[in-house]
Amino acid sequence: MRVATWNVNSIRQRLDHLMRYLKEAQPDVLCLQETKCADEAFPRLEAEAAGYNVALHGQKTFNGVAILSKRPIEDVTRGLPGDTGDAHARYIEAVIAGDSGAMRIASIYFPNGNPPATDKYPFKLAFMDRLTAHARSLLALEEPLVLAGDYNVIPETRDVHDPALWTQDALFLPATRAKYRALLNIGLTDALRATTDASGLYTFWDYQAGAWQKNNGLRIDHMLLSAQAADRMRSIAIDKHMRSLDKPSDHVPVRIELD
DNA sequence: ATGTCGCATTCCATGCGA
């Protein structure tokens with residue numbers, strides 16, 4: 001089973017790239033973030049014509065997450081539990097049937113949190129706490145679980161080109177990194193770090209200031225795995241070439257293979 | 001280099017979020 005995650009920065013602007021990616025990477029499941037459209041505006045027919053079932057949790061203008069799957073999608077949960085006042089479309093979870101049993105997969109778009117001196121930053125930290133609490137309950141199920149998405153978290157200095165430039169940023173502040181570690185420490189595996197200690201493996205390059213040309217990137221798109229999923233993971237790839245296309249997303253897909 | 005996108009409205013210019 002092949003599972004990928006990709007922040008597309010508007011699904012309508014990225015439809016050609018989406019179709020290309022489905023064809024060339026052939027993911028069984030693709031988690032999307034920042035679709036930036038209401039569900040009725042999502043290109044559902046195009047995804048279905050490519051052989052995918054579609055589960056959506058979108059909203060107009062901002063945010064928006066989705067799960068595309070070649071296999072049937074069951075038991076969809078929309079919205080992250082723990083705050084009835086949170087109207088952001090940032091979380092969708094579903095159970096995907098597989099040859100080796102079912103797998104639970106979530107597509108998550110974490111708050112950016114900048115600027116840190118505003119209420120955006122405590123909202124981000126609270127979102128991370130809510131995800132940790134929810135992930136605890138999911139781990140108790142002892143199932144293969146993949147929490148995939150744009151975490152808006154740079155975990156360590158090796159995950160950013162120039163760490164000194166990011167010390168005051170909500171993606172890299174000590175409290176942000178501590179929450180990410182706390183999430184891992186309930187019993188999740190960072191899929192990329194299960195396979196390599198290398199620095200300079202990035203998933204995002206800003207549109208501004210020639211970040212792509214200078215390889216001034218960040219690793220902020222992550223796949224966190226339960227033990228049952230980690231046991232089945234065989235490889236991981238970052239599909240970096242998607243950033244070099246015309247009119248790219250500022251993020252590239254991350255893709256894992258599981259038995 | 002104040003450097004780019006995408007969305008929406010205030011609608012061909014501006015504000016917001018990233």
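Every chain is numbered from 1, with letters handed out A, B, ... down the list of sequences. These values consider heavy atoms only, across backbone and side chains, with no hydrogens, waters or symmetry-generated copies.
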Query raised in the report: Given that K247(A) and F204(A) both sit by DNA chain B, which one's nearest nucleotide is further toward the 5' end?
Result: K247(A)
Requested in this report: For dT10(B) versus dG17(B), give the span between their P atoms, rounded off to a whole number of Å.
Outcome: 16 Å
Query raised in the report: Mind checking the P distance from dG3(B) to dA8(B)? Whole angstroms is fine.
Result: 23 Å
Report task. May I ask you to evaluate whether R14(A) reaches the phosphate of dG6(B), defined as a side-chain N or O under 4.0 Å from OP1 or OP2? Result -> yes
Requested in this report: Would you kindly give the CD-to-C1' distance between E34(A) and dT4(B), to the nearest whole Å?
Outcome: 14 Å
Requested in this report: Specify the separation, in whole Å, of atom NZ of K36(A) and atom C1' of dG6(B).
Outcome: 4 Å
**Report entry** First of N114(A) and Q13(A) reached from the 5' end of DNA chain B, by closest nucleotide
**Finding:** Q13(A)
Query raised in the report: Side chain of S10(A): nearest nucleotide among dG17(B), dC7(B), dG3(B)?
Result: dC7(B)
**Report entry** Integer-rounded Å distance: dA18(B) P and F123(A) CZ
**Finding:** 10 Å
Report task. For R243(A) and dT4(B), give me the distance from atom CZ to atom P, rounded to whole Å. Result -> 13 Å
Requested in this report: Would you mind checking if R232(A) and D259(A) are paired as a salt bridge, meaning a charged N to carboxylate O distance below 4.0 Å?
Outcome: no
**Report entry** Between dA1(B) (P) and D206(A) (CG): distance, integer Å
**Finding:** 17 Å
Report summary line: Interatomic distance, CZ@R130(A) vs CG@D86(A), rounded to 0.5 Å, equals 4.5 Å
Requested in this report: Take atom P in dG6(B) and the same atom in dA1(B), then report the distance between them in whole Å.
Outcome: 25 Å
Report task. Let me know the distance between CG of N7(A) and C1' of dC5(B), rounded to the nearest Å. Result -> 12 Å
Report task. Whole angstrom is fine here: how far is it from NE2 in H88(A) over to C1' in dC16(B)? Result -> 13 Å
Query raised in the report: Any chance the side chains of S10(A) and E34(A) put a donor and an acceptor closer than 3.5 Å?
Result: no
Requested in this report: Quickly work out the Y207(A) OH to dT2(B) P distance and round it to whole Å.
Outcome: 21 Å
Query raised in the report: Would you say a side-chain N or O of Q208(A) is under 4.0 Å from OP1 or OP2 of dG3(B)?
Result: yes
**Report entry** Pairwise P distance for dC7(B) and dT2(B), with rounding to whole Å
**Finding:** 26 Å
Report task. Answer yes or no: does a side-chain N or O of T61(A) lie under 4.0 Å from OP1 or OP2 of dG17(B)? Result -> no
Query raised in the report: Quick one: is K120(A) getting a side-chain N or O under 4.0 Å of the dG17(B) phosphate, OP1 or OP2?
Result: yes
Query raised in the report: Is it true that E257(A) and R234(A) make a salt bridge, defined as a side-chain N closer than 4.0 Å to a carboxylate O?
Result: no
Query raised in the report: Roughly how far apart are I154(A) CD1 and F204(A) CZ, rounded to 0.5 Å?
Result: 9.0 Å
